[in-house]
Each structure stands twice: as structure tokens, then as C-alpha cells.
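Notes follow the structure.
Convention: sequence-line order gives letters A, B, ...; per-chain numbering from 1. What you see is a predicted model, and the numbers here were worked out from it, not measured in a lab. Because only heavy atoms are used, hydrogens play no part in the values below, and waters and symmetry mates are left out as well, while side chains stay in.
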Protein chains: 2
Amino acid sequence: MRADAQRNYDRIVETARQVFREQGYDASLDQIAKLAGVGPGTLYRHFPTRDDLIDAVMQSWVDRVEDTTDKALAHEGGPRELLLNWFEEYVRLISVHKGGPAKITSAMGDDGSPIRTKCEVLRAANERVLEQLRAEQAVRSDVTSLQVARMVGGVATVADQSELEDAFVRPMLEVLADGLLTRP
Amino acid sequence: MRADAQRNYDRIVETARQVFREQGYDASLDQIAKLAGVGPGTLYRHFPTRDDLIDAVMQSWVDRVEDTTDKALAHEGGPRELLLNWFEEYVRLISVHKGGPAKITSAMGDDGSPIRTKCEVLRAANERVLEQLRAEQAVRSDVTSLQVARMVGGVATVADQSELEDAFVRPMLEVLADGLLTRP
DNA sequence: ACCTGAACACCGTTCAAGT
DNA sequence: ACCTGAACACCGTTCAAGT
């Protein structure tokens with residue numbers, strides 16, 4: 001990539017990160033281009049769709065997913081506490097930008113989505129948690145990581161769009177956890 | 001209301017119903033006005049916001065909610081089957097138009113929303129089902145109809161945005177039901 | 001009292017002209 | 001090879017002029 005192209009690319013991603021943080025994922029691309037000091041055509045050359053830009057912004061965030069999963073898996077306490085803690089972390093992970101939960105969760109399982117690699121990372125994280133709990137026979141064996149990602153993502157989507165406080169989200173995650181855990 | 005105003009009002013609502021059915025709740029209001037044969041200003045005079053128009057379109061649909069709830073409450077079989085059957089009907093009820101699940105579920109609990117009366121009807125329907133199950137001690141006593149509306153609405157939102165088949169939705173509703181039912 | 005439709009601001013997208 | 005920015009189509013919203 002030519003030096004000026006690389007510079008523009010980086011500028012756009014950095015500006016987008018800021019604007020998305022303030023206004024959410026449906027912010028104006030025109031405004032991002034203006035703030036980044038490039039023409040709208042330049043933004044479109046690098047990122048043909050909004051999701052391509054979102055994918056680039058998400059890049060730096062992938063490592064955090066791995067770390068968060070590691071920590072959740074090392075959680076003290078029983079399977080219920082482990083699962084609940086993971087759900088809360090998962091909601092936090094996909095809720096960093098307004099509109100994120102809906103965007104990520106609806107792309108989950110869509111192989112053609114520009115953000116599919118990010119979805120795959122999240123699905124794999126859920127799979128790791130499920131595997132550990134399956135080994136303890138603590139969780140239903142017929143439930144898939146895709147289903148879990150969709151259900152927790154559904155709660156996160158509602159919470160994001162209704163701007164719910166954490167205190168209102170927690171009981172819903174508890175119901176989900178109880179539905180997934182095997183009866184003692 | 002003047003005769004021509006009434007006529008325009010009805011035309012707009014009827015046209016909106018058709019366009020929403022084909023294109024979902026985020027269809028162009030400009031197009032609806034054109035198809036209804038009125039100026040854009042007329043549409044705005046009658047319906048200051050998109051949600052006001054959606055509310056009017058939903059009006060005819062309220063009766064169906066009551067009926068569906070009655071039928072679900074008379075369902076044969078155990079509490080789990082009753083709850084599952086109701087969830088499936090509920091998802092159907094809020095998914096008649098694309099974008100409906102998200103719109104309805106995110107307005108749930110918001111007293112300032114133009115569609116709040118419709119949300120209240122749906123919340124009350126969930127309350128009726130919960131009350132019957134509570135009487136049988138079949139369902140957790142600490143769960144509210146608002147929570148249920150949000151959780152099932154969350155699943156419906158994901159299903160709507162990912163265009164999931166019913167077969168993929170059912171197992172998620174099962175997890176929800178199992179999380180809500182008391183342990184036998 | 002209500003309607004019309006021009007006008008405005010904004011957005012996404014394309015593409016000819018430039019370097 | 002890449003960028004610029006004018007141009008286009010579309011949308012929501014407002015409001016002066018009409019009936």
C-alpha cells in the first residue's frame with residue numbers, strides 16, 4: 001500500500017473509532033470522512049460498506065475477547081456463577097459501541113458478512129465456556145455456541161436499544177443461565 | 001375531523017400498512033405519502049413521527065392479541081407446553097412487520113413512546129399467562145411480565161434481523177421457558 | 001382548517017478529473 | 001495508483017401559499 005493510502009486508511013479508522021464511540025455504529029460516514037480530512041470517495045475506496053469499516057475498527061478489540069474468556073474460565077465458584085459472569089462479560093464486550101449488539105448478533109452465523117471473522121471469535125469464545133461446562137455435565141449437551149451467542153446477544157440488543165441499566169439486565173441473564181444448566 | 005382530512009388519514013394508514021408489510025417498518029415515509037396521493041406535509045400533520053404512524057397501523061391488530069392470549073391460556077398439556085406455545089405466538093404477533101420486534105421490544109417500558117399503549121397490551125398479555133402459571137406454582141415468582149416481554153422480544157429481534165427459520169427459534173424459546181419454570 | 005409542493009439540509013454513492 | 005470533490009438520488013422535515 002502506498003504511503004499516503006496507508007496514512008488515510010489509519011486516519012479513517014482512528015476517526016471512525018472516536019465517532020462510533022460518541023454516536024454509535026450508525027453515525028454518518030460523510031462526517032467521518034470530513035473529520036478524517038479525506039474525500040468521501042477515499043473512504044469508499046478503502047471501505048466499500050459500513051460493515052467493512054466497523055470490522056477494521058473492531059480489529060484492535062479481538063485480543064480483549066481472548067483475555068476476557070480466559071479470566072471468565074478461571075472464575076471461582078460453581079458453574080452457575082461462572083456462566084453468569086461470562087454472560088455479563090460477553091454483553092460488555094459486544095456493547096462497547098451503540099448498535100453493536102444488534103449488528104454483531106444479527107451477523108452471527110452469516111458467512112457472507114464483512115464482520116464474520118469477529119463473529120467467529122465471539123462464537124469460539126462461547127464454545128470454550130460451553131466445553132468446560134459440558135465436561136462437568138453442568139450444561140445441557142444439545143445447546144450450541146451459536147444459540148448462546150444469539151440468546152445473550154438478544155438480551156444485549158434489547159438492553160442497548162432501551163438503554164437499560166445493568167441491574168435490569170442481570171435477572172434476564174440469570175433466566176438464560178438457569179435454562180441452560182442441567183437440573184441438579 | 002373534516003371529511004377530506006379523514007379520507008387522507010385513512011388512505012395514509014392503509015397505504016402504510018401495505019408498504020410496511022412489503023418493506024418493513026423502516027420504509028420511506030415519502031414513498032408512502034406519494035402512494036397515498038398526498039403531500040409529504042399532510043403525512044406529517046397527521047403523524048408527527050414514524051412511530052405515530054406505526055401506532056395507527058397497529059391499531060387493528062390489538063384485538064388479535066387478546067384472542068391469541070385466550071387461546072394460549074386454554075392450551076392442553078403441561079405448563080411447559082403452554083408457555084412454549086405462548087412464546088411462539090408472541091413472537092409471531094410482534095413479527096408481522098420486519099423491524100417490528102426491535103421497535104416494540106425497545107419501546108417496552110418507555111412511558112414516552114408513541115406506541116406505549118400497544119406495548120402495554122402485549123405486556124398485559126404476558127402478565128395473564130404468567131398469572132395462570134404462578135397460580136400453579138409452575139413459574140418463578142420473581143420474574144415480571146416486562147422481563148419476559150424483553151427476553152422473548154430479544155429472541156424475536158435476533159430472529160427478525162437474521163431472518164431465522166422457526167426451527168432455529170424454537171430451541172431458544174425452550175431455553176427461556178426452562179429458565180422460567182420452577183424445578184419439578 | 002387543511003392541503004400542496006417547493007425548498008432545505010443531510011446522507012450515501014459514483015465517477016470524471018486531477019496528481 | 002490513489003485522491004478529490006462535484007454531482008446525483010433519496011430521504012426527512014418545514015413552511016409559505018393556496019383552497
Subject >> salt bridge (Lys or Arg N to Asp or Glu O under 4.0 Å) partners of A/E120, counting only residues at least two apart >> reply: A/R123
Original post:
Do A/Y90 and A/V148 have side-chain heavy atoms sitting under 4.5 Å apart?
Top reply: no
Original post:
Is it the case that B/R92 and B/T68 place a side-chain donor and acceptor less than 3.5 Å from each other?
Top reply: no
Subject >> Those residues of residues 15-38 of chain B lying under 4.0 Å from DNA chain C by at least one heavy atom >> reply: B/G37, B/V38
**OP:** Go through the steps to decide whether A/D55 and A/R116 satisfy the test salt bridge (charged side-chain N to carboxylate O under 4.0 Å, His left out), and finish with yes or no.
**Re:** CA-CA 9 Å; A/D55 189 69; A/R116 69 189 121 54; over 6 Å; no
Subject >> Nucleotides bounding contact with chain B, strand DNA chain C, heavy-atom threshold 4.0 Å >> reply: C/dA1 to C/dA6
Subject >> Contact check, side chains of B/I54 and B/F20, non-hydrogen atoms, under 4.5 Å >> reply: yes
**OP:** Report, as yes or no, whether the 6.0 Å neighbourhood of atom CD on B/E165 holds more than 12 heavy atoms from other residues, nucleotides or ligands.
**Re:** no
Original post:
How about A/V155 and A/F87: do any of their side-chain heavy atoms sit closer than 4.5 Å?
Top reply: no
Subject >> A/D166: salt bridge (Lys or Arg N to Asp or Glu O under 4.0 Å) partners, not counting sequence neighbours >> reply: none
**OP:** Using the side chain to side chain donor-acceptor pair (under 3.5 Å) rule, collect all pairs that involve residues 101-113 of chain A, keeping only residues at least two apart or in two chains.
**Re:** A/D51-A/K103
Original post:
Does DNA chain C take part in any stems of at least 3 consecutive Watson-Crick or G-U pairs (both distances under 3.5 Å), and if so, which ones?
Top reply: C:4-8 with D:12-16, C:12-16 with D:4-8
Subject >> A/R128 side chain reached by A/S145 side chain, heavy atoms, under 4.5 Å >> reply: no
